[in-house]
Amino acid sequence: MKVATWNVNSIRSRQQIVADWLASSSVDVLCLQETKVVDKDFPREPFEQLGYHLYTWGQKAYNGVAIFSKTPLEAVVAGFTPIVGEERAGAFDEQKRAICGVLEGVQIVNVYVPNGSAVGSEKYDYKLRWFELFWEYLQQLLARSPGELCICGDFNIALEDRDIYAPKKENHIMASPAERQALDKVLELGLRDAFRKFTDDGGHFSWWDYRQGGFPRNRGWRIDHHYLTASLYERASSCTIDIEPRKLPKPSDHTPVIVEF
DNA sequence: ATGGCGACAGGATGTCGA
């Protein structure tokens, strides 16, 4: 099974690029982030024509996640509330950042982690609190799921300096100690980075800033990840970043990452 | 340190992303 993750920065702006990529890449599952559109306006036709079943959870202008799957998913759940309860989820589901479903005994979780703006800001605090809730959500899923989890998405965190084109000062957003600790705590539930099973060196990125010629100068970050439970990690046969879509005119600032297991 | 680029909503320019 091939599972891809891709922050498309508006599915309506990226419709053709995503459809062309799907037609040639033949992934079984594509997890999208930053779709930036409410469900009723989601451009479904080009993807349904390619044989995909679509599960969307969007909002106006910001955020939004979706899963495309060649085979129907079971037990699709949008947001945190159905898993952790209304009281615990509070207002977090106002931002559409999580959707999950089960395929061939694998619980697939698609997330768009908050950006956090700047260390110390209100949004940064929200990001850290969001991670606390995400941890509880995953703990619940692990208790009730088929036992195998594939969590993928835009994590907006680079865990290690080799995931960044140049090491950052302490307290840079996406690389601060508190963010890394929050992600580490999630991974301690028993998850491993699929990409690092196959590749040790730096210089491999999934996001490049639109500004300052980030992509042509390869000034990127690896912030889009697949995290797998132990036996799924053992089964994984590849994890690759496809930088081709980032080279096209009017690209997303992220490019797809694909795991096969 | 700042802003740069791009999408969005709305109908100019501010907000947000990372």
Side-chain angles (χ1 to χ4, degrees), chain A residues 5-19 31-43 56-66 91-92 94-98 110-131 134 152-180 182-183 195 202-225 241 243 245-257:
Chain A
T5 181
W6 194 357
N7 178 322
V8 292
N9 185 19
S10 167
I11 188 61
R12 287 178 293 183
S13 294
R14 231 60 65 197
Q15 180 175 325
Q16 193 62 50
I17 285 178
V18 174
C31 294
L32 300 171
Q33 304 89 35
E34 279 205 272
T35 52
K36 293 187 173 180
V37 65
V38 293
D39 294 343
K40 72 175 176 60
D41 294 330
F42 196 102
T56 64
W57 199 48
Q59 67 181 86
K60 191 164 78 170
Y62 303 116
N63 310 314
V65 285
F92 278 99
E94 289 174 5
Q95 299 186 16
K96 312 308 186 203
R97 296 183 176 275
N110 175 21
V111 289
Y112 175 47
V113 174
N115 164 277
S117 186
V119 173
S121 67
E122 266 184 40
K123 286 176 182 152
Y124 181 76
D125 183 57
Y126 181 90
K127 184 177 191 174
L128 297 178
R129 288 186 288 110
W130 186 94
F131 258 100
F134 185 47
C152 60
D154 175 1
F155 283 78
N156 272 320
I157 294 177
L159 264 185
E160 302 174 296
D161 287 344
R162 62 178 165 164
D163 297 321
I164 311 173
Y165 71 90
K168 291 294 162 187
K169 295 188 191 104
E170 282 251 317
N171 285 331
H172 191 289
I173 193 66
M174 302 192 292
S176 71
E179 288 168 273
R180 287 174 167 176
L183 180 51
F195 185 79
H204 301 280
F205 309 124
S206 62
W207 171 80
W208 299 260
D209 202 309
Y210 285 125
R211 299 161 288 188
Q212 305 270 58
F215 183 68
R217 300 157 87 177
N218 200 27
R219 295 185 170 193
W221 294 57
R222 195 175 70 88
I223 53 175
D224 300 271
H225 307 295
I241 300 171
I243 66 166
R246 189 63 177 80
K247 301 174 179 173
L248 298 172
K250 305 288 281 180
S252 169
D253 44 355
H254 296 250
T255 209
V257 186

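Each chain gets a letter, A, B and so on, in the order the sequences are listed, and its residues count up from 1. Side chains are part of it too, since the values below use all heavy atoms of this structure and drop only hydrogens, waters and symmetry mates.
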Next on the checklist: Has Arg12(A) got a side-chain atom pairing as donor or acceptor with Asp41(A)'s backbone, closer than 3.5 angstrom?
Outcome noted: no
Next on the checklist: By the 4.0 Å heavy-atom rule, please label Tyr112(A) as base, sugar-phosphate, or nothing.
Outcome noted: sugar-phosphate
Checklist entry - NA contact type, His254(A), heavy-atom cut-off 4.0 Å: base, sugar-phosphate, or nothing? => result sugar-phosphate
Checklist entry - Say you pick atom C1' in dG4(B) and the same atom in dA9(B); how far apart are they, in whole Å? => result 22 Å
Checklist entry - From the list dG17(B), dG3(B), dC8(B), which nucleotide is the closest neighbour of the side chain of Lys123(A)? => result dG17(B)
Checklist entry - So, Arg180(A) side chain and Leu159(A) main chain: donor-acceptor pair closer than 3.5 Å or not? => result yes
Next on the checklist: Nearest whole Å is fine: how far is dC16(B) C1' from Tyr126(A) OH?
Outcome noted: 14 Å
Checklist entry - Base, sugar-phosphate alone, or nothing: which one does Asp224(A) contact when heavy atoms must sit under 4.0 Å apart? => result nothing
Next on the checklist: I'd like to know if the side chain of Ser206(A) reaches the main chain of Ile223(A), judged simply by a donor and an acceptor atom lying under 3.5 Å from each other, with no hydrogens or angles considered.
Outcome noted: yes
Checklist outcome for this item: When rounded to whole Å, the CG to P distance for the pair Asn63(A) and dT15(B) reads 17 Å
Next on the checklist: What is the separation between atom CG on Asn9(A) and atom P on dT15(B), rounded to the nearest whole Å?
Outcome noted: 19 Å
Checklist entry - Does Glu34(A) or Arg14(A) map to a spot on DNA chain B nearer the 5' end, using the closest nucleotide for each? => result Arg14(A)
Checklist entry - The side chain of Ser13(A) lies closest to which of these nucleotides: dG6(B), dG10(B), dA7(B)? => result dA7(B)
Item to check | Sugar-phosphate, base or nothing in reach of Asn156(A), heavy atoms under 4.0 Å | outcome: sugar-phosphate
Checklist entry - For Arg12(A) and dA7(B), what is the distance between atoms CZ and P respectively, to the nearest whole Å? => result 12 Å
Checklist entry - Is Lys36(A) near enough to dG6(B) that one of its side-chain N or O atoms lies under 4.0 angstrom from OP1 or OP2? => result no
Next on the checklist: Taking the P atom in each of dG10(B) and dC16(B), what is the distance between them to the nearest angstrom?
Outcome noted: 15 Å
Next on the checklist: Check this for me: Glu160(A), atom CD, are more than 12 non-hydrogen atoms of other residues, nucleotides or ligands nearer than 6.0 Å?
Outcome noted: yes
Item to check | Tyr62(A) OH - dG10(B) P separation (whole Å) | outcome: 10 Å
Item to check | Distance between P atoms of dG3(B) and dG14(B) (Å, rounded) | outcome: 13 Å
Checklist outcome for this item: By nearest-nucleotide position on DNA chain B, the 5'-leaning member of Tyr210(A) and Arg97(A) is Tyr210(A)
Next on the checklist: Expressed as a whole number of angstroms, how long is the span from Arg211(A):CZ to dG6(B):P?
Outcome noted: 10 Å
Checklist entry - Is the distance from OP1 or OP2 of dC8(B) to the nearest side-chain N or O of Ser10(A) less than 4.0 Å? => result yes
Checklist entry - Can you check the Arg219(A) CZ to dG3(B) P distance for me, whole Å? => result 18 Å
Checklist outcome for this item: Residues at least two apart in sequence or cross-chain that pass side-chain contact (heavy atoms from CB on, under 4.5 Å) with Phe205(A), listed by chain then number, are Tyr165(A), Trp208(A), Asn218(A)
Checklist entry - How far, in whole Å, is dG6(B) from dT2(B) if one measures between their P atoms? => result 22 Å
Next on the checklist: Could you tell me how far dA12(B) sits from dA7(B) if I compare only their C1' atoms? Round to whole Å.
Outcome noted: 16 Å
Item to check | Nearest-angstrom distance from the residue atom CD of Glu122(A) to P of dC16(B) | outcome: 11 Å
Item to check | Residue of the set Asn9(A), Asn7(A), Asp253(A) for which side chain to side chain donor-acceptor pair (under 3.5 Å) holds with Trp207(A) | outcome: Asp253(A)
